[in-house]
Amino acid sequence: MRVLVTGGAGFIGSHVVKALAAHGHEPVPYDVRTDPASDVRDPYAVGRALAGVDAVCHQAAMVGLGVGFSDAAEYVSRNDLGTAVLLTAMAEAGVRRLVLAGSMVVYGEGRYVCEGHGAVRPGPRAVADLDAGRFEPVCPQCEAELAPGLVAEDAPVDPRNVYATTKLAQEHLAAAWARATGGSAVSLRYHNVYGPGMPRDTPYAGVASFFRSALARGEAPRVYEDGCQRRDFVHVRDVAAANVAALEASSPAGALTSYNTGSGEPHTVGEMARALAAAYGGPEPVVTGEYRLGDVRHITADSARLRAELGWKAGVGFDEGMREFARASLGGE
């Protein structure tokens with residue numbers, strides 16, 4: 001299969017390219033990092049790139065929180081306009097298979113259970129609570145403590161920032177394209193991806209990259225809130241393998257199918273910082289109590305559907321992955 005990989009020179013995209021080649025496919029990287037003319041917002045360039053292509057693996061995106069609105073237009077342009085241009089060109093070229101780099105951020109906060117009211121959905125955390133160090137969401141009905149759990153794909157979506165909003169819009173565009181063309185579309189809702197080649201020292205790097213960069217400078221990783229935020233840290237090679245599985249699967253025509261893509265091993269941000277610092281041999285993390293508006297408290301995936309339907313499972317364990325990442329090169333090194 002000849003596969004156009006948008007963002008193919010990026011962190012995740014470059015691993016997808018390697019995984020596709022290892023499985024006997026022909027990846028075609030398409031990335032402005034290596035060719036400024038390879039912009040997914042350029043219909044002529046995208047149309048030329050699609051010649052002879054059997055499928056598209058769409059990794060190109062502007063990533064990060066997008067907390068404020070100063071760069072909202074840029075996020076929408078790169079993520080949503082770019083996706084619309086790509087899908088239009090695919091429709092015209094007769095390419096009917098798409099795998100989209102989705103994100104767990106479309107859910108907002110994760111799944112919570114109140115002892116008295118069952119499953120509930122707390123709203124955004126109040127600034128006054130965050131300032132006072134009250135980081136845990138409470139039941140919106142009785143303000144009792146909540147127990148966090150795993151989020152399934154049928155959970156209601158609730159994007160909390162600009163980036164999350166654009167990622168959800170990408171899924172809606174892909175679904176509309178699939179219905180209009182009879183194509184098959186898969187969105188892999190990535191959780192916290194880490195591993196060799198992560199971008200470093202940019203506003204859009206993940207928390208693992210920030211911690212790793214601090215250790216490389218001989219500094220202690222700075223952990224926000226109280227470090228007890230739950231996340232699912234999934235290795236980039238496992239994410240690349242999920243993309244290959246999705247491309248090779250017989251997905252339903254005329255529809256978008258979404259899959260949570262996580263390791264299935266929830267860990268706190270503090271645990272990750274400590275494991276990384278220990279593996280690197282650097283200073284212990286510092287818990288700052290600071291916070292970022294737009295961050296959610298707990299978000300961890302239930303990836304059972306991906307395992308059951310596509311036969312995929314994470315192969316890199318947390319401890320193994322952190323040991324490797326502690327010595328791995330970051331993007332720009």
Side-chain angles (χ1 to χ4, degrees), residues 1-8 12-13 15-30 40 46 49-61 83-84 86-104 106 151-155 157 167-168 170-191 193 234-264 301-315:
M1 189 162 33
R2 194 164 191 258
V3 183
L4 183 71
V5 183
T6 68
I12 298 175
H15 285 271
V16 172
V17 166
K18 292 176 186 176
L20 284 167
H23 281 76
H25 301 292
E26 182 186 354
V28 181
Y30 184 88
V40 291
V46 173
L50 286 169
V53 161
D54 302 301
V56 172
C57 188
H58 186 29
Q59 305 293 318
T83 299
L86 172 66
L87 293 172
T88 301
M90 289 175 64
E92 294 173 351
V95 180
R96 297 293 183 263
R97 183 175 292 273
L98 170 73
V99 173
L100 171 69
S103 177
M104 54 84 179
V106 300
V151 179
E153 289 88 352
D154 59 357
V157 292
K167 296 306 289 183
L168 182 57
Q170 283 185 314
E171 290 194 355
H172 289 319
L173 288 165
W177 166 85
R179 286 192 296 270
T181 65
S184 67
V186 170
S187 177
L188 297 175
R189 290 175 174 173
Y190 301 159
H191 280 246
V193 186
V234 58
H235 196 279
V236 66
R237 287 196 299 273
D238 287 329
V239 167
N243 276 270
V244 175
L247 284 163
E248 293 178 343
S250 298
S251 301
L256 170 76
T257 307
S258 297
Y259 293 103
N260 288 331
T261 308
S263 70
D302 181 351
S303 298
R305 182 179 183 181
L306 181 58
R307 293 192 298 269
E309 295 185 9
L310 300 190
W312 171 93
K313 65 177 181 179

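Keep in mind that what you see is a predicted model, and the values were worked out from it rather than measured. Note that these values count all heavy atoms, side chains included, but never hydrogens, waters or copies made by symmetry.
A donor-acceptor pair under 3.5 Å is formed between the side chain of Asn260 and the backbone N or O of Asp302. In this structure, the side chain of Arg2 engages the main chain of Ala51 through a donor-acceptor pair within 3.5 Å. With hydrogens and angles ignored, the 3.5 Å screen pairs a side-chain donor or acceptor of Thr6 with a backbone N or O of Ala60. Side-chain atoms of His25 do not come within 3.5 Å of backbone N or O of Ala21 as any donor-acceptor pair. Of the possible polar contacts, one joining the Lys167 side chain to the Ala101 backbone as a donor-acceptor pair under 3.5 Å is found.
The closest side-chain heavy-atom distance from Glu248 to His23 is below 4.5 Å. In this structure, the side chains of Val56 and Val99 stay at 4.5 Å or more apart for every pair of heavy atoms. The shortest distance between side-chain heavy atoms of Val239 and His15 does not fall below 4.5 Å. Side-chain contact check for Leu87 versus Leu98: some heavy-atom pair is nearer than 4.5 Å.
Residues passing the side-chain contact (heavy atoms from CB on, under 4.5 Å) test with Asp238, sequence neighbours excluded: Val234, His235, Trp312, Ala314, Val316. The salt bridge (charged side-chain N to carboxylate O under 4.0 Å, His left out) check on Glu153 picks up nothing, with sequence neighbours excluded.
When Arg189, Arg305, Glu309 are each tested for a side-chain hydrogen bond (donor to acceptor under 3.5 Å, both in side chains) with Tyr259, only one passes: Glu309. The side-chain hydrogen bond (donor to acceptor under 3.5 Å, both in side chains) test with Thr83 singles out one residue from Glu171, Gln170, His172, and that residue is Gln170.
Rounded to the nearest 0.5 Å, atoms CZ (Arg97) and OG (Ser250) are 6.5 Å apart. In this structure, the separation between CG on Leu4 and CD on Gln59 is 11.0 Å, given to the nearest 0.5 Å. In this structure, CG in Leu50 is found 7.0 Å from CE in Met90, a value given to the nearest 0.5 Å.
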Next item on the list: Please test Val5 against Leu20 for side chain to side chain contact (heavy atoms under 4.5 Å, CB included), starting from the C-alpha separation and ending with a verdict.
Entry: CA-CA 10 Å; Val5 183; Leu20 284 167; 3.7 Å; yes
